[in-house]
Amino acid sequence: MDIRNIAIIAHVDHGKTTLVDELLKQSGAFRENQQVSERAMDSNDIERERGITILAKATSVEWKGTRINIVDTPGHADFGGEVERILNMVDGVCLLVDAAEGPMPQTKFVTSKALALGLRPIVVLNKVDKPDAEPDRALNEVFDLFANLGATDEQLDFPHLYASGRAGWADESLEGPRKDLSALFDMVVRHVPPPAQITQKDEPFRMLATTLSADPFIGRILTGRIESGRVRVGESIKALSRDSERIEQFRVTKILAFRGLSQTPIDEAEAGDIVTIAGMSKATVADTLCALEVDTALHAQPIDPPTISVTFGINDSPLAGRDGNKVQSRVIRERLMKEAESNVAIRIEDTPGGEAFVVSGRGELQMGVLIENMRREGFELSISRPRVIFREEGGQRLEPIEEVIIDVDDDYTGAVIDKLTGERKGDLVEMRPAGVGKTRIVAHVPSRGLIGYHGQFLTDTRGTGVLNRIFHGWVAHKGPIQGRRVGVLISMENGVSVAYALWNLEERGRLFIGAQEQIYEGMIIGEHSRDNDLEVNPLKGKKLTNIRASGTDEAVRLTPPVRMSLEEAIAYVEDDELVEVTPKIVRLRKRLLDPHERKRQSRAG
């Protein structure tokens, strides 16, 4: 059977996973009466809740005698480590662009990687049935994007389709019949070349591992495209590191091929196909699985370096161990090392004390997803404020800078530009109309300045603005950037919060807790209205007397407290504060000082 390997890339929420759903349905991958959930490729709970693709996943459909292996890639740059590996497995890309929004930052990130590998794109202008769709403008912007990214003449001569993934149709012209996706299937078969590896079936077996996972029945499994030769179940092969050093020799216990949403065991696989192999105990991502006579590893695509780091520590608050069952530093370290094995974009370092670990990655969202997964598994953690990773080159200190694209109502452009270019040391690159009453702002802003900005941005734009960001490059250090301007309210007592005390504290600022909540000394219970921290007593009850007077027995009415999400809490804390994360709750607190530091501060005071 002929084979085509293709990746679908798109910005967040441009309809990529929905389109894959329709491709599976129309190719006959499902039975007519089969119950299939919406966005079937989003298998992770967090993916379903947030509507984003985090893990790259493969599927396979058959169309007129050709097997098309489709890879669904993440749409967010924080998970770019997945994208860079996956693109090594395919021979073409299908770029999905929202006909109203045009190419966005994440589109640019993934497309640059695909073009650099020499892959020829097919452009699909999705959601052309939206009222504000402008497919011609979006198509011109895609061409300009390709040209700016250094595309070759062959890549610039790309075919394009107009489509509606939700309605399940794609056509070569806007006036097409709008019946099904056959035009997209035919274009993939016609435009994407068959794997070059098919001609190397008689050479020794070699495969580059691109994704790692575990199956409860067969153990550790690696997925990749076979670069040459054949592999059979029961055959002995070996694993080589990037430096061609031998890692292990093992017997292939199972070979799984993608067939629709499921993986089917097969006896033999050959060059060009994307398969999953089981049987290894040590081999991991970017290693080469090969025949015993092969001595040289395949080239693994280099991964962009991390830009931020976060410290993961044990939960040492007075309420530790009440919600979770995984609280020891040893268990936390094992979990982080397991994550680093399968996610090559993450680096783990031990701190001198051994009770905390510095985790470096691509962005706040990537860190937030890792922490969310760990808390759902029963972990309790203390998380520090994200810190930007600096570089030293030629005696000069460099910091990462990000390209920020903002769509905002005209009324709020002044406030947004003032915050980005004034307080956060950004440079305005472009400002142009983006529809009726809307403005698109493009700026280059230091990553430091964007930590914690999203909440303020939503406040400044009354929740109507849309902000997208992507790593742009490295620039000379831009000097100090002002952090949070207000202080916090800190509990000075241990116990259960009292409504009367909180009611009296409301004039001091916004509260993060409600009545009858467990609190402890050092816990942050609210935001102070001034720039200094303030210690308060949330346990102070109303003094009772035997005299009754008009109005003294009125019920206390509290303003609903501000409940921060995990990402908001991580971005909110300062360097001397921590986020306490348990399976049930997210709290903020001041960092506990060791006895020597506390004694030094008391003497200084």
I'd like to know if the side chain of [X] reaches the main chain of [Y], judged simply by a donor and an acceptor atom lying under 3.5 Å from each other, with no hydrogens or angles considered.
X    : Y    : answer
D91  : P194 : no
T288 : L298 : yes
R137 : A100 : yes
N373 : V369 : yes

Whether [Y] and [X] form a salt bridge (side-chain N of Lys/Arg under 4.0 Å from carboxylate O of Asp/Glu) is what I want to check.
X    : Y    : result
R206 : E227 : no
D273 : R67  : yes
D98  : K130 : yes
K64  : D186 : yes

Kindly give the heavy-atom pair with the smallest separation between [X] and [Y], and that separation in Å.
X    : Y    : result
F143 : F158 : CD1-CE2, 4.0 Å
P121 : H191 : O-NE2, 3.5 Å
E568 : R563 : OE1-O, 4.2 Å
P386 : I308 : CB-CD1, 4.1 Å
D129 : S164 : OD2-OG, 2.9 Å
L156 : A147 : CD2-N, 3.8 Å

Notebook entry, point to check: Applying the side chain to side chain contact (heavy atoms under 4.5 Å, CB included) test to F258, which of I70, T264, T223 qualifies?
Noted result: T223

Using a 4.5 Å cut-off on heavy atoms from C-beta on, say whether the side chain of [Y] contacts that of [X].
X    : Y    : value
I8   : V124 : no
Q366 : I346 : yes
I68  : L23  : no
I389 : S360 : yes
N5   : M89  : no
L19  : L181 : yes
M564 : V586 : no
E141 : E134 : no

Next item on the list: Go through the steps to decide whether R448 and K425 satisfy the test side chain to side chain contact (heavy atoms under 4.5 Å, CB included), and finish with yes or no.
Entry: CA-CA 10 Å; R448 289 181 298 140; K425 303 285 179 77; 5.7 Å; no

Notebook entry, point to check: Parallel under 30°, tilted from 30 to 60°, perpendicular over 60°: which one fits the rings of F457 and Y453?
Noted result: tilted

Next item on the list: Kindly assign one of parallel, tilted or perpendicular to the pair F185 and W63, based on the angle between their ring planes and the thresholds 30° and 60°.
Entry: parallel

Check: Does the pair T111 and V142 meet the rule for a side chain to side chain contact (heavy atoms under 4.5 Å, CB included), with working shown?
Finding: CA-CA 10 Å; T111 305; V142 170; over 6 Å; no

Notebook entry, point to check: Who pairs with Y412 by ring-ring contact (aromatic ring centres under 6.0 Å, His included), at least two apart in sequence or on another chain?
Noted result: none

Check: Given R440, which of D407, D409, D410 fulfils the salt bridge (charged side-chain N to carboxylate O under 4.0 Å, His left out) condition?
Finding: D407

Next item on the list: Would you mind listing every ring pair (Phe, Tyr, Trp, His ring centres under 6.0 Å) that reaches into residues 420-452, with sequence neighbours excluded?
Entry: H444-H472

Notebook entry, point to check: Please walk me through it: do I406 and L467 pass side chain to side chain contact (heavy atoms under 4.5 Å, CB included)?
Noted result: CA-CA 5 Å; I406 292 173; L467 183 149; 3.9 Å; yes

